[in-house]
Amino acid sequence: MTRKLLRGALLGAAVIAVLAVPAGSLYYEYKADASCARCHEIRKNYNAWHASSHREVACGACHGEITTLDAGFHLGNVRRLVQHVRQGFADPVRLGTKDIPRLMERCRSCHRQEFAQWQTGAHSATYRRLFLDAPHNRQRLLMDDCLRCHGMHFEGGIGDLVAPLDAKGPWRLLRPELADQPAIPCLTCHQVHREGELLPRAARPVEKSAAQSAAKSASQQELLRPSVGLFDRREQKHFSVELLPLPAMRDGTRAVKISPDIRQALCYQCHAPLAGGLAGSGDDRTPVGVHEGLSCLACHLKHGQQTRASCANCHPQLSNCGLDVEKMDTTFVSTASRHNIHVVKCADCHPKGIPRKRTDRAGNRVR
Amino acid sequence: MAFKHVNAVIVGAGAGGGVAAKELAAGGLSVVLLERGKWYSAADCRKDDLRNQRTSPLGNNSGPDEARNPRVVVDLNGQERVVLPSEGGYSNNAGCVGGGTLTYGAQAWRFQEKDFRMATTYGVPEGSTLSDWPISYAELEPYYEKAEYEIGVSGDVSTDPFHGPRRKPLPMPPLPVGREHTILKPAAQRLGLHPFDIPMLRNSVPYGGRPPCMQCRWCVGFVCEVNAKCGTQNTSIPAALATGNCELRTGCMAREVLTDARGRATGVAYYDADDRLCEQTADIVIVSSAAVESARLLLNSKSQMYPAGLGNRYGWVGRNFQGHSYSGAWGLFDFETYDDIGPGASIAVCDYNHGNPGLIGGAMLANEFIRLPYQFVSVAPPGVAQWGRGHKDFMRQWYRRSIAIQGPTQEIPIADSRVEVDAKVKDFWGLPVARLSGGKHPKTMETSAAMTDKAEAWLKAAGAIRTWKKLSGKGTSGGQHQAGTCRMGDDPRVSVVDKYCRVHDHDNLYVIDGSVHVTNGGFNPALTIMAIAYYAAERIVKGRKGRGV
Amino acid sequence: MDHLKINSWRRRRFLRIAGTATACGVLTSCARENSPWRFLTTAEGRTLDAICEQIIPTDQTPGAAWAGVVNFIDRQLMGPYRRQQTAYRSGLREIDQAAVSKFGKDFAALDTGQQTALLQALEGGAKRFFSTVIAHTMQGYYGDPRHGGNRDAVSWRMLGVPVIPIRGRNRYEFPKQGAR
């Protein structure tokens, strides 16, 4: 008897819940976007969006329109409503593994060029590419720490993603639907809801030091987008790049000069040295030697990371030595090579001592 | 609900139970390992400054469950209050697979030879229950070594002249040292002390199929993000399961140890993850729930034959409750000492463990683990404002220019520092909760005070421009170093278990954890708990083989 | 044993449904309440903000108010601090009453010097409440940003602690191919 009553009550509640979602959404649409913020858990995100450079993009454009026939969208809303009522929601609400692909599409719809660049670069690697790579997995242990930089939006541990966690394989994804999803999506390095003016009014120099930036004219300065920030897996939130540290690097005991370009703080989070900051340790690629002091972004493209033809940025034609820099050494990409572009030093080619620069009387270089 | 009969059931998958499970399973015994908490992995590391096992204003990160496990604490004035696991005074260790070894600071100390002969060395001070261990350092030495190699220890004790004889060096070299180490080492040497690299149950190089430490600032109190901390959850317990002889059941809260009409233990009654009452029968029952909960389980296992609980014929279960009287000093410097490189604690001296004139025992002194910003709030010396501009200035000026030196002063056990079961307060399952009461022996406080002087002198020698002492309180300590409540001894009238950890009166009931420590050394006790587990488990396995099982 | 089990199952289920129903009520009522906070009223939030700012004032770096300590406390009052809800309700009222009786204004409306003097002179229950707020403010200001305080890790940056440390991976390379 009680059971029947309970079941009836539950069914009734379910019907109300299902109806409440579109009704609620319609109500919000009617009242314009401000009413989204009536729920406590999204107010913070709403406020950030309202102050962000995306403020002219309506909520629905990214989060989906109420008129959609996508069942997943509506079921997600029901789930959120239930969580809200039970106060079991994450406060503030945040994105989950499942939300990422839909959001990527939204980014692509406006930022086509950046998206295309990213797609051609290494950072667009998929879960399959990263976690089912047999040569890697045979050689190196798959561990939870991988997820710090790869698959940072994945909810769970490495044991929930790949099996088996050994050197033998064969490996498979425990969440096969992720296989072709990007593991380092736009939201790794960008925060959509972020205070900031619409560009170009928000133009801020990328370099921290005023003296450095004064050296260049305003037109030469690259702009720091307010959206640039790292998604930290532990905190489950973004930190603006301005809050992130640039490391104090050393080469042996010598302090390495690094570029003041603060966008690098983002790169350093994953391409990081081990504790102690030794250049070249861990995944670090800090340039030492002839290229010391250059920003990562002096050579690497922001979204695609390629360096193609980047030498020409600084070497109009030729190197200091009068050699064609793009042809001078084919081992510059190999991390093991001493001619690697990140570590090459004058002494690597001039073991007997570095010749003085040859200049004519006017101070111009001669060949 | 009943299960297939097994050779051994172990209650608690921590430092003692985890090692015992592995040894028994590898020795061919069928084992069921019961654990009230969950099995966490590195993925559960959230590096949350406000929610961890050491700093828990917003809760614990590895149990026990906040709502289900209250305790009663009686303070020195006789005031009693109900406390939750994340609150002060609870003496929480952990409630998870691996127990405290999941989140500990992982110092891997061997006790010294004298630590096993405290009564012989110092006599028995009035009002204390100080006693020798029934076993010696030499008897335990091979098992210390086994723990160091099987679970994994890094460090270098070669320049410590005070440690007992050892056959092998530590299996891993020490981690690269941080700034505090380089400041403190020459200072200690100038004082004529013998500084060295703390032995740690933490990988400094790849070991046991796990990577080395990344030296982050979230160490003690946290699950290791890179799985470099060595605990039973990533060593012994997986090894036990791999034998095929061991079954681990998580979410299982033991209710009582069952006994038959002849007084032999027959198994354990427990509530499973769905709160169903279950029974696991076994030839051998091993209680490994740490000093508070092991005592509580024995005391709650009452029957007509044992109205005061098991092993408690002479009323010794729960007595001699002790942890360490943690004392030391803080120093402020006019140069930066902070380098954001963990685990922080890296340099120690053992010059003050014994031989302090007029005092009993002493402590190993070491620099403290790296501090998180919130932890520094409570550091402020007397005279600094608790709030307002003065507080903020103190934080800003000194956070990166301070060092703490502390040591776990060995406690002189007293009978009145004890764990009982409360007559009124029950936990979620209706079981009487642990009731903690008592304090410290005056001699303990004397030694602690002397240790604060030594710590302060070291800081001054290192160039501290201001120092102040931090003396332990007079209440019971317990905490993560909890020990002593089922002390080991040859005389059943003044101890609970024999020298093989077997409860007197019950030839198949064992206690294997810190509870059996007669005294707790001037050291973090984890490695000793593991060594005793290896030692006791070996005896159990051999004993069964002798009987042809 | 079995009947106990079923009873407890029913009880839990009933509690769950009852809880949901209550929460529904709360939901409809929350639409009426115009406070920007979860637990606090707008006025309480204002008073608490002023108290927190006294505890960690703004100087060359932002203080507790900018860091969002009230947001932190308000959020925890719906979670781990739940047991202190009544203490906050009555404690904030008491401090405001003290401000009105002494200076004729709400606490938040007093000038800084008056606020400091008032907090320093607190006694009894109000003093105990204030020490609770001190403890909570320290947590909100120096704890992790994820809990709603320490906005932009402001305190960590003030102390010179890297918000997210730079740490490369210590890869675990298998000793030889295929070995484990």
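Atom set for the values below is all heavy atoms of this structure, side chains included, hydrogens, waters and symmetry mates excluded. The shown structure was predicted, so the numbers you read here are calculated from the model rather than taken from an experiment. Residue numbers start from 1 in every chain, and the chains themselves are labelled A, B, ... in the order their sequence lines are given, proteins ahead of strands.
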Is there a donor-acceptor contact under 3.5 Å linking the side chains of [X] and [Y]?
X      : Y      : result
B/S86  : B/E66  : yes
B/D272 : B/Y270 : no
B/E336 : B/Y399 : no

Can you tell me which portion of [X] sits under 4.5 Å from chain B's heavy atoms? Options are side chain, backbone, both or neither.
X      : answer
C/T137 : neither
C/R157 : neither
C/Q76  : side chain
C/I134 : side chain
C/H147 : side chain
C/S131 : neither
C/T58  : backbone

For [X], which atoms come within 4.5 Å of any heavy atom of chain C: side chain, backbone, both, or neither?
X      : answer
B/V226 : neither
B/I370 : neither
B/R210 : backbone

B/R255 NZ/CZ over B/W429 ring centroid, <6.0 Å and within 45° of normal: no

B/Y338 six-ring face occupied by B/R400 cation (under 6.0 Å, within 45°): no

Which one, [options], leads in non-hydrogen pairs under 4.5 Å with chain B?
options                       : result
C/P80, C/G63, C/P57           : C/P57
C/T116, C/I56, C/T61          : C/T61
C/G168, C/G143, C/A64, C/P165 : C/P165

Can you name the closest pair of heavy atoms from [X] and [Y] and give their distance?
X      : Y      : result
B/P70  : B/V425 : CG-CG1, 4.5 Å
B/P176 : B/Q215 : O-NE2, 3.2 Å
B/E87  : B/V83  : OE1-CA, 3.4 Å
B/L258 : B/V268 : CD1-C, 4.0 Å
B/P343 : B/M200 : CG-CE, 4.3 Å

Close approach to chain C in residues 384-394 of chain B, criterion heavy atom under 4.5 Å: B/Q386, B/W387, B/G388, B/R389, B/H391, B/K392, B/D393

Residues in residues 48-64 of chain B that sit under 4.5 Å from chain C, counting heavy atoms only: B/D48, B/D49, B/L50, B/P57, B/L58

C/Y88 and C/F129 aromatic centres sub-6.0 Å: yes

Side-chain donor or acceptor of C/D111 paired with backbone N/O of C/Q114 under 3.5 Å: yes

C/R38 side-chain N/O to C/D74 backbone N/O, donor-acceptor pair under 3.5 Å: no

Hey, is [X] close enough to [Y] for a salt bridge, meaning N to O under 4.0 Å?
X     : Y      : result
C/D96 : C/R46  : no
B/R68 : B/D427 : no
B/K22 : B/E150 : yes

